[in-house]
Every structure is written in structure tokens, then in C-alpha cells.
Amino acid sequence: MVTTDLKELAIELFDIGAIKYGNFTTKVGLSTPVYIDLRVIISYPNLLLNISKSLWGLLDQTDFTHICGVPYTALPIATAISLDSKIPMVMRRKESKSYGTKKLVEGIFQMGDTPLIVEDIITSGSSILEVVKDLKNEGLNVTTALVVLDREQGGRKNLETAGLTVKNLFTITQLMDYLLDAGKLPKESVEIVKKYIKTIQAPLKLNNDNNRLKMNLIDRSNQAKNPIALKLFRLMCEKQSTLCLAADYTKSQDIIDLADIAGPHIAALKIHVDIIEDFSKDFVNKIKHLANKYNFLIMEDRKFADIGQVVSYQYRKGIYNIAEWADIITIHPVSGKGIVQGIKDGLQGLSSDRGIFVVAQMSSEGALTTGDYITSTVSDFKDFDLIAGFVCQKNIFTDPGLIQLTPGVQLTKSTDGLGQQYNLPQDVVNSGADLVVVGRGVTQSENKLKSILEYKKVLWEAYENRVKQKSKTE
């Protein structure tokens, strides 16, 4: 588009009252001498269409699968682009529905699709980054954003740092120059605006900003609602270990021997009690003794998934009597929130602290724990006082008092031929992991103690680097 067309658009925006000069406050809380309100363009269809066509003309390539407008002002612009380009839309809601499917992202799409983001104005870029995060949680690949106006206050840099290509119709400087040339604003007002944008940068504030990633474990422990989460936070800090060792052995003595070696260096020992061929009360007594001796928690990775009443029996009854000795259990959310009540019922008469990790994602290839399933899991279970955290592969929740437990970790990326995918320690920690499960990286090692110490060191360093790096971006 030639600059004279942009000048005409700028004049028209001013004439309809979309550009105001005075004393205003922006969305991110900054005082500003100029306020741009593009919501009014919905009452001017020709202008809306011209802006949409002009934005689309900025692109060098148009092989996007969807158009996604940032709610709410950009939605009409995105809709106009979609209708004109014949590219379907997806819509990211500002909040998930509290009924029905509880979707956060509406529309028909597949993992790997590439939506184009459309936004009216960028100041800090936070609105776009919030949308991008939710789209990526659905498995969508976002690379490009079209913007009507860049206020030149740090938003473009924040978006480009996040890996996005940004195309804009106007910068605030260009817009002011067009209005000055057209006699719409006096020179002194334009100079005030230019001086303002050179001196005032907008802080990046995300509504879903994951503060937990930049907080240390002790500070987060103070926000834990669940007593086991509190213990884990402080235990991890005390032992400088975020290692949860998976002792997936079928013989009880093998588990005891490994726990005796690993005990001083781990935060938790994870077992599958129903694969132990010689399970006995003696085994329970021995593993509890080692947990007390070396100060680690016992996790039974049962992944309860039935209705509440059945789960209550599975938890408290039978030969395993898991409620009596397991500090932590895992559950699938598929049967609904009633499963938590089932666990509570199974704890009647017991005074020991207990915690639950809810499986929101799995590390196996082709797992169906994606999209709305993840969103609904976090929304439905995050506020129960029995919930210590979530089992997941990436950063899907914001509450710093909850713990992200991530399995599928080895020192080299690999698969096991049965669908299990292993990721690097640094990658999972940067993706939000607080407590990290390591299994075969230790159990199949010839020198188990050496491997335990190596994983402990690498994971703790990754945690410390995450906190430092996040703090530097503040």
C-alpha cells in the first residue's frame, strides 16, 4: 500500500474519533497523551474493510490455515480478513466457558495448524502473547501477527523476542506525522507524543503470567494450599534436589535397595505397587522406614480413574491399602471431580498429610491428553485442597502454590519403542517442570548412584538457571 492511502486512513480514523489527544491511561496502566480507540470502526463498514484489506496486503506469504483475532477489538477485523481471503477463523475466548465443552479456543482445527494473529494495537504485546500461549497449548503453530498500530513502546520487541514476525500498518510516529501534515494536530502536540514514546516503555504484563517460573521454591511454598505440596517445596530446597526417582521394579527388594542408595538425594520415590510380585506389609514398613530416614516422600503412581466410590475402595481397601502409606498418589481427571471426593472418603480416620497429582498430560506418543482436556483439567481441579499439582509436559497453570510433575526425562532425547518419549532435563525445567521423574535413566544404569547424582545436579542447575533468567527479564 502506498503512503498516501495510509494517510487517508489516518485522517479518517481521526475524523471518526478513533484518535484522541489529551491525558489518558492505557491498558497496562501508563499515562499517555494520545489514545487510540479502534473499537469505533465497527460502525464504519467501509473503513473496517479498508483497514482489513490493507493489513492483509502487508503479508509476503498467505499460507495460513486460520485467522485469529485478539479479543475483542480485533475480532471484526479478523472476520473481515477471513471473509475476504476465504481462510477460516479460530477464536480464542478471553475466558473458558464454565459449561458444555469449556473450550478456550473455538473453531475447527488440527494440531500443527498455523493461524495468523490479528490485533488492533500493540503497546507491551501482552494481549498477543496471551493468545499465542493458549493457541500453542492447543498444538497450533503461531508465527505471525498483523497489527494496525504499533505504539513503539516495547511491544514489537517483546513479540519478536517470543519468535513472532510482526507486520503493522502504522507506528505511532507515522500516524502523528500524517495528522500533522493534514493539519489535524498542532506540531507541539505531535512533539509531545514523540517525546513520550521515546521515554516511556510499556512493561510486559500477562494476565496468565506464570510467576511460578521465576519464584524460588521457598517463596512458592508459602502459597501452597496442600500440606504435601508445602513439604515438597521445602524438601526440594533443603536437599537441592527436584528429582523424583521412578523405581519401576517388580521385586520389592530391588525397590528397597534402590531407595537405600537414592534416599539422601531424591525428593520423592515413585512406585507402581500393582507390579510388585512379592508385595507385603514388610515391604511397606521398610520403604516407610527409608523415607523417614532419608527424608523423601513416597508416591504411588496408581493413576486412579474410576468413579468416586470405586476409587475410595481402591485407595483404602484391598491388599495394598495405599492410603495408609503413600504420601502422594496420581489420578486421571477423566471421571470428573467426584474422584477427589472418593479420595477424601478413603482418608477418613487417617491423620497423615496426603496429596494428589492430577494427570493433565502424558509423555507417551499419541496421548489424547490435549487441547480442551488439559484446560478443563486445570480449571476443574486446581482449587481442591488435596491437589498438590499436575502431571504435565509444559507450563499449563499459573498458581505458584502448585507443583508441576514432569515424567519422560533422560540425559539424551530418545524413545523406548513403546511410545514413551524422553526429553532433556533442561528442556522440561524450562517448560515449567518443578519435580522431575527419572526412571530408566537410573534403573538401567550400571552405576546407579553416579547417575542419580548426575540427574540431581543437572536438574537443580536447570531450576536455578530458570529462576535467574526469569528474574532478569523483570
Residues two or more places apart in sequence or in another chain: which of them pass side chain to side chain donor-acceptor pair (under 3.5 Å) with [X]?
| X | answer |
| --- | --- |
| S312 | none |
| K251 | E277 |
| N321 | none |

For [X], check side chain to side chain contact (heavy atoms under 4.5 Å, CB included) against everything at least two apart and list the hits.
| X | value |
| --- | --- |
| A145 | I117, I128 |
| K457 | E461 |
| M91 | L75, E106 |
| I36 | I19, V34, L38, I121, L149, R151, I172, L175 |

Please set out all donor-acceptor pairs under 3.5 angstrom arising from side-chain atoms of residues 237-247, sequence neighbours excluded.
from : atom 1 : to   : atom 2 : distance (Å)
K239 : NZ     : G263 : O      : 2.7
K239 : NZ     : I266 : O      : 2.7
K239 : NZ     : Y294 : O      : 2.9
K239 : NZ     : N295 : O      : 3.1
S241 : OG     : L243 : N      : 3.3
S241 : OG     : H265 : O      : 2.7

(message) I'd like to check the salt bridge (charged side-chain N to carboxylate O under 4.0 Å, His left out) partners of K293; sequence neighbours left out, ordered by chain and number.
(response) none
(request) Provide the full list of salt bridge (charged side-chain N to carboxylate O under 4.0 Å, His left out) pairs with a residue in residues 260-275, sequence neighbours left out, each pair given once. (result)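 Qualifying pairs: K270-D301.
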(request) Scan residues 278-291 for pairs that pass salt bridge (charged side-chain N to carboxylate O under 4.0 Å, His left out), counting only residues two or more places apart or in two chains. (result)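 Those involving residues 278-291 are D282-K286.
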(message) For Y35, give me all partners under ring-ring contact (aromatic ring centres under 6.0 Å, His included), at least two apart in sequence or on another chain.
(response)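 Only F24 meet the ring-ring contact (aromatic ring centres under 6.0 Å, His included) criterion with Y35.
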